[in-house]
Amino acid sequence: MLADILPPKVAVKELGEDPPGVPHHPHETVHVASARPERRAEFITGRHCAREALRVLGVEPVPIPKGERGAPVWPAGVVGSITHCGGYRGAAVAFRGDVPALGVDAEPNEPLPDGVLRTIGLPAEHTMLSTLPARRGIAWDRLLFSAKESVYKAWFPLTGEWLDFLEADLTIDADAFTFSARLLVPGPVVDGVRWSTLRGRFTVRDGILLTAVADGHG
Ligand SMILES: CC(C)(COP(=O)(O)OP(=O)(O)OC[C@H]1O[C@@H](n2cnc3c(N)ncnc32)[C@H](O)[C@@H]1OP(=O)(O)O)[C@@H](O)C(=O)NCCC(=O)NCCS
């Protein structure tokens with residue numbers, strides 16, 4: 001699924017469950033030493049997916065510790081992103097020279113719990129959502145949430161800063177399966193260009209919504 005919504009130079013690995021006996025690294029599992037078993041399992045599978053994807057790039061299977069604000073620490077010259085939700089684990093990696101930023105997010109294709117949209121969506125986004133076609137069977141409010149999380153995962157390694165849900169104004173193109181996020185705060189400077197917008201794609205399959213951001217522009 002991830003490969004469908006990311007550029008060809010991005011390597012991906014996805015799993016639908018936590019396989020037993022996956023090798024894991026003590027420099028990583030220290031971060032989930034006291035976590036509940038389900039959290040520990042998704043963390044280990046996420047790292048496993050990340051290393052498998054790195055292998056596709058030809059990068060040796062190094063530890064991927066948890067860094068500042070929870071962001072994975074990738075090998076030098078690599079960008080990447082990890083996501084997990086019930087029934088899905090995935091990771092995407094690329095060389096920074098090919099893809100400047102990467103963020104992926106998986107969510108169940110179910111409406112957001114009551115009250116959440118009000119806290120994560122701008123008034124313009126509420127209006128935008130109301131124009132999207134209900135017949136597609138996509139929980140558009142959840143898609144908005146996922147797209148914003150993908151935006152944050154791409155944004156954070158570029159800036160090292162927090163980005164609030166209400167600091168990006170998203171537009172979803174239901175026909176093109178794309179979205180764009182207009183930043184309402186100064187954007188990151190990438191290769192000498194200050195990005196004002198991040199762009200992404202989405203897909204839905206087997207009850208899972210997936211969003212990915214790998215691009216931006218001034
Ligand atoms: C960090 C966050 C995006 C994670 O999303 P989630 O749906 O809760 O969980 P997912 O399973 O999809 O992703 C979790 C993974 O994200 C990655 N992640 C965590 N913090 C991160 C950060 N600051 N930057 C990049 N990636 C991060 C990690 O790999 C993590 O998995 P791991 O702990 O097993 O390594 C979310 O919890 C969060 O804090 N959101 C608030 C900020 C935001 O989304 N703003 C919207 C701006 S428009």
Side-chain angles (χ1 to χ4, degrees), residues 1-2 13-15 18 22 24-25 27-51 53-54 63-74 78-93 101-110 112-113 116-117 119-122 124-125 128 142-172 179-185 187-188 195-200 202 208-214 216:
M1 284 171 80
L2 271 179
K13 173 71 180 178
E14 299 165 290
L15 287 169
D18 300 313
V22 166
H24 48 86
H25 204 286
H27 285 118
E28 298 171 347
T29 42
V30 66
H31 299 297
V32 285
S34 54
R36 62 186 202 286
E38 306 80 49
R39 168 63 182 135
R40 195 176 151 83
E42 72 171 19
F43 178 89
I44 288 171
T45 308
R47 260 41 189 193
H48 170 66
C49 288
R51 268 187 285 277
L54 285 173
I64 305 161
K66 209 171 167 63
E68 207 189 337
R69 296 235 183 142
V73 180
W74 299 100
V78 170
V79 292
S81 186
I82 297 172
T83 185
H84 19 59
C85 72
Y88 181 89
R89 281 87 173 87
V93 296
L102 206 45
V104 299
D105 189 75
E107 292 286 329
N109 183 22
E110 292 163 8
L112 289 171
V116 174
L117 180 59
T119 64
I120 64 116
L122 295 159
E125 292 171 328
M128 184 269 303
R142 181 76 72 157
L143 183 74
L144 177 76
F145 179 76
S146 177
K148 288 195 168 203
E149 296 216 307
S150 279
V151 165
Y152 177 70
K153 290 180 188 181
W155 154 280
F156 182 78
L158 290 172
T159 62
E161 287 177 17
W162 174 253
L163 183 68
D164 194 79
F165 281 101
L166 303 182
E167 291 179 326
D169 181 5
L170 265 80
T171 306
I172 295 169
F179 59 89
S180 65
R182 188 171 59 86
L183 297 169
L184 305 179
V185 293
W195 283 3
S196 60
T197 302
L198 275 70
R199 284 191 294 226
F202 67 91
I208 305 288
L209 282 175
L210 261 188
T211 58
V213 168

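Predicted, not measured: the structure shown is a model, and the values here were computed from it. Numbering of ligands and ligand atoms starts at 1, following listing order.
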**OP:** With a 4.0 angstrom cut-off on heavy atoms, strictly below it, pick out the residues next to ligand 1 and order them by chain and number.
**Re:** R39, F43, R47, K66, R69, G70, A71, P72, I82, T83, H84, D105, E107, K148, E149, Y152, K153, F156, W162, L163, D164, F165, A168
**OP:** Could you verify whether a donor N or O on one side chain and an acceptor N or O on the other, from T211 and D105, lie under 3.5 Å apart?
**Re:** no
Original post:
Side chains of H48 and L15: closer than 4.5 Å at any heavy-atom pair?
Top reply: yes
N/O donor-acceptor pairs under 3.5 Å from side chains in residues 32-40, not counting sequence neighbours:
{"from": "R36", "atom 1": "NE", "to": "E38", "atom 2": "OE1", "distance (Å)": "3.2"}
{"from": "R39", "atom 1": "NH1", "to": "E42", "atom 2": "OE2", "distance (Å)": "2.9"}

Original post:
Quick one: are the ring centres of F165 and F145 less than 6.0 Å apart?
Top reply: yes
Original post:
L183 and L198: which non-hydrogen atoms are nearest, and at how many Å?
Top reply: CD1-CD1, 3.6 Å
Original post:
Are any side-chain N or O atoms of E14 and backbone N or O atoms of M1, one a donor and one an acceptor, separated by less than 3.5 Å?
Top reply: yes
